[in-house]
Amino acid sequence: MILETFPVGPLQCNCTLMGDEETGEAIVVDPGDEVGRIHRRLTEHGLKLKQILVTHAHIDHVGGALKLKRLTGAPILLNQNDLPLLAMMESQAGWLGIAPPETAPPDESLEDGLLVGLARYPAQVLHTPGHTQGSVCLHFAPLKLLIAGDTLFAGSIGRTDLPGGNADQIIDSIETRLLTLPDETKVLPGHGPATTIGDERRSNPWL
Ligand SMILES: [Zn+2]
């Protein structure tokens, strides 16, 4: 398995590329920016992109999705509860003082319980609203891996002061959907270093 996580764009969103060398298929999670670099990694590995998965519709996570779709033909998946945020791309770009990227509605909604990813490395979608109403985490149970978007960070949790944020809801999502996963589950947050569910259960001051 190929698994690469690298920060992209001015807000250093963690973009993850997962590939299966046997089938030649790949997924990309949160192509917020630097689409040329992401596309080059796919080409260098000889991988064909099967799905573009977006944990939520903040500009730093979704900004490059349409460009990557145009380069590869892969569908974009994003939870439908974040469509209002996707429609606010100009204001989101205004918060950062940058030009708004072009966006398009997703090809499919990342609904809770949906199985996505690669045949040998599937992930279950966990709808974890709070940072935004359409925030999801991707749980690759056989890999003991969670891609957490901006819901859970090493030593912190996602901010809830932006449109669609809800502080009580994010705590409830983390406690009922994430802390119930096995302690050894590796967590790849949307920004910053990796952690584990056990470490966050023991030492995250927000929980
Ligand atoms: Zn965010």
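Every number for a ligand or one of its atoms is a count from 1 in the order of the listing.
- A side-chain donor from one of Gln169 and Gln133 sits under 3.5 Å from a side-chain acceptor of the other.
- In this pair, His61 and His56 present their aromatic rings tilted. The plane angle is within the 30 to 60° band.
- Looking at His58, its N, O or S atom nearest to the Zn ion (ligand 1) turns out to be ND1.
- Side-chain contact annotation: Thr55 with Asp30, donor-acceptor N/O pair under 3.5 Å present.
- Summary: OD2 is the N/O/S atom of Asp150 found nearest to the Zn ion (ligand 1).
- When distances to the Zn ion (ligand 1) are checked against a cut-off of 2.8 Å, Asp60 contributes no N, O or S atom below that limit.
- Counting backbone and side-chain atoms alike, His61 contributes no N/O/S atom closer than 2.8 Å to the Zn ion (ligand 1).
- For the residue pair His58/Asp150, the side-chain donor-acceptor check at 3.5 Å is not satisfied.
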